[in-house]
Amino acid sequence: MQSKHAGGVGKMQTAVIKEFFKQSDKYLGGKIRVDGWVRTVRVSKTFGFIELNDGTFFANLQVVFEESLGNFTEVAKLVTGSAITVEGELVESPGAKQPFELKAENIEIMGTCAPDYPLQKKRHTFEFLRTIAHLRPRTNTFAAVFRVRSLAAYAIHQFFQERDFVYVHTPVITGSDAEGAGEMFRVTTLGFDKTPRKEAGQVDFTRDFFGRETNLTVSGQLEAETYCLAFGRVYTFGPTFRAENSNTPRHAAEFWMIEPEIAFADLKDDMNLAEAMMKYVIGYVLENAPEEMDFFDKFIDKSLLARLENVLKSHFGHVTYTEAIDILKNSPEKFEYPVEWGCDLQTEHERYLAEKHFQKPVFVTDYPKQIKAFYMRMNDDQNTVAAMDLLVPGVGEIIGGSQREERLDYLEQRLADLGLNREDYWWYLDLRKYGGTKHAGFGLGFERLIMYLTGMSNIRDVISFPRTPKNAEF
RNA sequence: UCCUCGAUAGCUCAACGGUAGAGCAUCCGGCUGUUAACCGGAGGGUUGCUGGUUCGAAUCCAGCUCGGGGAGCCA
């Protein structure tokens, strides 16, 4: 990649550290200028070393400076976190830990760093770093996490765009409060002191901003289906909000979700899409962030690379809910919760299936209708629905999807059975009246994908500023 | 929301009923190739908050707040 800053041959070249590592031949022996932040300084009486990072590359550039420097005393006093611009010659390094280093001829101090800077050059706990979420992207782990996150987002867009999917922006504010996917955050401009009431005492939402009750979306799926039945293949990728009081390493109140929806497609097509997408993203990240992935493998999860590479080579497992119940019943494992057909699978059951029995990602399909949402397509047995969950080792449920019920009479019956108001779904039901066809889709929790890709074990450490119960700092 | 464990210097931890310590970080000094550099010195604390027991509480008890792990809900 040619830097937009790169100058002509023989002149001083300003470039980013990534380029020195990717094309060191081009720069070795030449004069360069580089901007960055000090990660650590090691100084002696007449010379010193600076580890410089400019955010473009995982590794640091070692800068060597000597007494001849005009501002040697000031440079020698630099502390971790300072911003500097260095000019000098890029030379081969005699040290064992880096191939080359920058022999400084001039160091300009662009921004000093106060001595109470909380980041040290030793290891911090993730719990502490969460309290300084504005500074943590400067650490190795978070630099790696958020570069992988960026690459994974790009890979997802690329995967769908290459396959002619249309990216749909579904609304963040929704008027539908009956999507059944959990507690919602209310959106209102009504005052708290004198909330308008109707005669019976309930809040009068006709006087609210939208003239009706509105909430933050818990899923873009129903809206995505409308565009699916126009474009054939669509996907959403945006923020999602759940007001559940969930206190776990896998839940956040604000998270990002990817929801593809495909027309003229059944559950099998849906699972094939999900598997292809997962493999595409894994492959893309392994190829484009090798330094970051090596770091995770070394310091975060020692079996990460082996596991991801194995996933690329193997086919995902497939098992029906009914078969899964049999596997669990016949397993030697002692479960805390009893296994019975009709009960939802507990976390311990899901973990056993993904981590012990299959030891790779596995689709569980055809769940009892009682434990799944109204829009999932009824199977011929009238007892199970065409649903699928993808379980992955270490994270658990990462995808939930289904073939949608396209038969109007079946769908109306399901709404009635669940006590849902038919009028609230008038436009959703219209899709079944006007050219309805079989279609399917799924929801992928983006943060859970990042956890799976990096080996990070807490969702709060894979999203820039996590929102969880009792925490919305920053 | 439930169960469980925890909160001591900026950070990571020790002290477990009797004067609150160490390593790292910071500041000062030393050191001619360092790699979480090294060596010497200094400053730094209402022991999460409120109350209780005790001659005496970081330590024991109660409540609260916040955090970790597990569970539920789910992505």
Side-chain angles (χ1 to χ4, degrees), chain A residues 39-51 59-60 62-67 76-77 79-81 91 93-98 101 103 113-132 135 139-140 179-183 217-221 236 239-259 274 299 335-337 344-351 371-373 389-392 395-401 442-452 457-463 468-471 473:
Chain A
R39 281 291 176 81
T40 175
V41 183
R42 294 179 291 271
V43 64
S44 293
K45 188 179 184 182
T46 58
F47 68 94
F49 301 93
I50 295 173
E51 298 273 343
N60 300 319
Q62 174 161 287
V63 175
V64 190
F65 62 98
E66 295 179 346
E67 216 172 5
K77 286 184 175 178
V79 295
T80 302
V91 298
S93 175
K97 295 208 171 180
Q98 60 281 322
E101 62 193 22
K103 208 167 176 57
C113 188
D116 61 352
Y117 188 57
L119 288 176
Q120 303 168 24
K121 44 192 162 191
K122 71 168 197 176
R123 196 184 165 282
H124 289 292
T125 61
F126 293 146
E127 290 82 2
F128 170 66
L129 291 170
R130 277 172 218 150
T131 69
I132 50 168
L135 300 175
T139 64
N140 287 337
E179 291 171 22
E183 293 294 311
T217 184
V218 292
S219 165
Q221 180 201 313
T236 72
T240 309
F241 307 88
R242 304 268 168 95
E244 296 288 347
N245 190 15
S246 297
N247 294 286
T248 85
R250 301 185 307 283
H251 291 85
E254 177 183 285
F255 63 100
W256 286 62
M257 190 153 64
I258 295 110
E259 295 178 289
F299 294 108
F335 296 115
E336 191 185 336
Y337 292 87
D344 214 346
L345 296 178
Q346 302 292 317
T347 297
E348 59 174 346
H349 304 146
E350 295 183 343
R351 291 184 66 113
I371 58 175
K372 288 293 179 184
D389 284 354
L390 179 64
L391 312 178
V392 299
V395 178
E397 185 180 341
I398 199 169
I399 280 175
F442 62 82
L444 166 74
F446 187 55
E447 283 74 20
R448 290 188 181 175
L449 173 65
I450 304 304
M451 291 168 74
Y452 184 62
S457 56
N458 195 311
I459 197 167
R460 296 167 180 88
D461 298 325
V462 297
I463 187 165
T468 52
K470 301 280 181 282
N471 183 9
E473 188 66 59

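Lettering follows sequence order; numbering is per chain, from 1.
Under 3.5 Å, the side chain of Gln62(A) and the base of rU34(B) form at least one donor-acceptor pair of N or O atoms. The base of rA75(B) does not come close enough to the side chain of Arg250(A) for any donor and acceptor atom to sit less than 3.5 Å apart. With hydrogens and angles left out, the side chain of Asn247(A) and the base of rU1(B) share a donor-acceptor pair within 3.5 Å. Scanning atom types as modelled, one donor and one acceptor separated by under 3.5 angstrom connect the side chain of Gln98(A) and the base of rU34(B). The base of rC74(B) does not come close enough to the side chain of Ser246(A) for any donor and acceptor atom to sit less than 3.5 Å apart.
Remark: Glu397(A) pairs with Glu350(A), Asp389(A), Leu391(A), Arg448(A) by the side-chain contact (heavy atoms from CB on, under 4.5 Å) rule, at least two apart or across chains. Considering only residues two or more places apart in sequence or on other chains, Glu348(A) meets the side-chain contact (heavy atoms from CB on, under 4.5 Å) condition with Phe335(A), Glu336(A), Tyr337(A), Gln346(A). Listed by chain and residue number, nothing satisfies the ring pair (Phe, Tyr, Trp, His ring centres under 6.0 Å) test with Tyr117(A) (two or more places apart in sequence, or in another chain). Partners of Tyr452(A) under the ring pair (Phe, Tyr, Trp, His ring centres under 6.0 Å) rule, at least two apart in sequence or in another chain, do not exist in this structure. Considering only residues two or more places apart in sequence or on other chains, Arg351(A) meets the side-chain hydrogen bond (donor to acceptor under 3.5 Å, both in side chains) condition with Glu355(A). Applying the salt bridge (charged side-chain N to carboxylate O under 4.0 Å, His left out) test to Arg42(A) and every residue at least two apart in sequence or in another chain returns Glu51(A). Applying the ring pair (Phe, Tyr, Trp, His ring centres under 6.0 Å) criterion to Phe442(A), with sequence neighbours excluded, gives no partner residue. Here Phe47(A) pairs with Phe49(A) under the ring pair (Phe, Tyr, Trp, His ring centres under 6.0 Å) rule; sequence neighbours left out. Residues that satisfy the side-chain contact (heavy atoms from CB on, under 4.5 Å) test with Asn247(A), not counting sequence neighbours, are Asn245(A), Pro469(A).
Taking atom P on both nucleotides, rA58(B) is separated from rG21(B) by 13 Å, rounded to a whole Å. Taking the P atom of each, rA36(B) and rG18(B) are spaced 40 Å apart, rounded to whole Å. Taking atom P in both rA9(B) and rU65(B), one finds a spacing of 22 Å when rounded to whole Å. Between rC2(B) and rC64(B), the distance separating the two P atoms is 10 Å to the nearest Å. Annotation: rG33(B) and rA37(B) have their C1' atoms spaced 10 Å apart (nearest Å). For the P atoms, the distance linking rA62(B) with rA7(B) amounts to 15 Å, nearest Å. The same atom, P, is picked in rC31(B) and in rA14(B); the two are 38 Å apart, to the nearest Å. Taking the P atoms as reference points, rU4(B) lies 22 Å from rU8(B), given to the whole Å.
Contact check, Arg460(A) against rG68(B): a side-chain N or O comes under 4.0 Å of OP1 or OP2. Note on Thr347(A): a side-chain N or O is less than 4.0 Å away from OP1 or OP2 of rG72(B). An OP1 or OP2 oxygen of rG33(B) is reached within less than 4.0 angstrom by no side-chain nitrogen or oxygen of Lys97(A). Applying the 4.0 Å criterion to OP1 and OP2 of rU34(B), one finds that Arg42(A) has every side-chain N and O outside that range. For rU35(B), the OP1/OP2 oxygens have no side-chain nitrogen or oxygen of Lys121(A) closer than 4.0 Å. Proximity of Lys45(A) to the phosphate of rC31(B): a side-chain N or O atom is located under 4.0 Å from OP1 or OP2.
Contact annotation for Tyr337(A): backbone-only contact, meaning every heavy-atom pair under 4.0 Å involves sugar-phosphate atoms and none involves a base. Contact annotation for Val79(A): backbone-only contact, meaning every heavy-atom pair under 4.0 Å involves sugar-phosphate atoms and none involves a base. Thr131(A) comes within contact range of no nucleotide atom at all, as no heavy-atom separation falls under 4.0 Å. Nucleic acid contact for Phe47(A): sugar-phosphate only, since backbone atoms but no base atoms lie under 4.0 Å from a heavy atom of the residue. If you check every strand for non-hydrogen atoms under 4.0 Å, Leu449(A) touches nothing. Within the nucleic acid shown, Gly443(A) comes within 4.0 Å of sugar-phosphate atoms alone, with no base atom in reach, counting heavy atoms only. At a threshold of 4.0 angstrom between heavy atoms, the contacts of Pro115(A) are confined to the sugar-phosphate backbone, with no base atom among them. Within the nucleic acid shown, Asn245(A) comes within 4.0 Å of at least one base atom, counting heavy atoms only. Among the atoms of the strands shown, none is found under 4.0 Å from any heavy atom of Glu473(A).
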Original post:
Which dot-bracket string describes RNA chain B (Watson-Crick N1-N3 plus N6-O4 or O6-N4, or G-U N1-O2 and O6-N3, all under 3.5 Å; [ ] crossing; | other strand)?
Top reply: (((((((..((((....[..)))).(((((.......))))).....(((((..]....))))))))))))....
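Phe446(A) does not qualify as a stacking partner of the rA75(B) base, lacking a centre-to-centre distance under 5.5 Å together with planes within 30°.
When rounded to the nearest whole Å, the span between CD of Glu244(A) and P of rG72(B) equals 14 Å. If you take CD of Glu67(A) and P of rG33(B), they are 14 Å apart, rounded to a whole angstrom. Summarising the geometry, the separation between CZ on Phe442(A) and P on rC74(B) is reported as 19 Å, rounded to the nearest angstrom. Going from atom CG of Asn458(A) over to atom P of rG68(B) covers 6 Å, rounded to whole Å. Whole-Å rounding puts the Gln346(A) CD to rC74(B) C1' distance at 13 Å. The distance between atom CD1 of Ile459(A) and atom P of rG67(B), rounded to the nearest whole Å, is 16 Å. The nearest whole Å value for the distance from the CG atom in Asp344(A) to the C1' atom in rG72(B) is 11 Å. Rounding to whole angstrom units, CZ of residue Arg351(A) and P of rG72(B) are separated by 11 Å.
Counting non-hydrogen atoms of neighbouring residues, nucleotides and ligands closer than 6.0 angstrom, the NZ atom of Lys77(A) reaches no more than 12 such neighbours.
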Detail all sub-3.5 Å separations between protein N/O atoms and N/O atoms belonging to nucleotides 12-15 of chain B.
| from | atom 1 | to | atom 2 | distance (Å) |
| --- | --- | --- | --- | --- |
| rU12(B) | OP1 | Thr125(A) | OG1 | 2.8 |

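Comparing rG10(B), rG33(B), rG68(B) against the side chain of Glu101(A) picks out rG33(B) as the nearest. Candidate nucleotides rG33(B), rG67(B), rG72(B) were compared by shortest atom distance to the side chain of Ser93(A), and rG33(B) ranks first. Each of rA37(B), rA75(B), rG67(B) was ranked by its minimum atom distance to the side chain of Arg130(A); first place goes to rG67(B).
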Original post:
Could you write nucleotides 44-50 of chain B as a row of B, S and -, 5' to 3', where a protein heavy atom under 4.0 Å of any base atom gives B, of only sugar-phosphate atoms gives S, and otherwise -?
Top reply: -------
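A salt bridge is defined here as a Lys NZ or Arg NE, NH1 or NH2 lying under 4.0 Å from an Asp or Glu carboxylate O, and Lys45(A) with Glu67(A) fails to meet this definition.
Between Asn471(A) and Ile371(A), the residue anchored nearer the 5' end of RNA chain B, judged by the nucleotide with its closest heavy atom, is Asn471(A).
Remark: Phe255(A) CZ to Ile459(A) CD1 distance equals 7.5 Å, nearest 0.5 Å.
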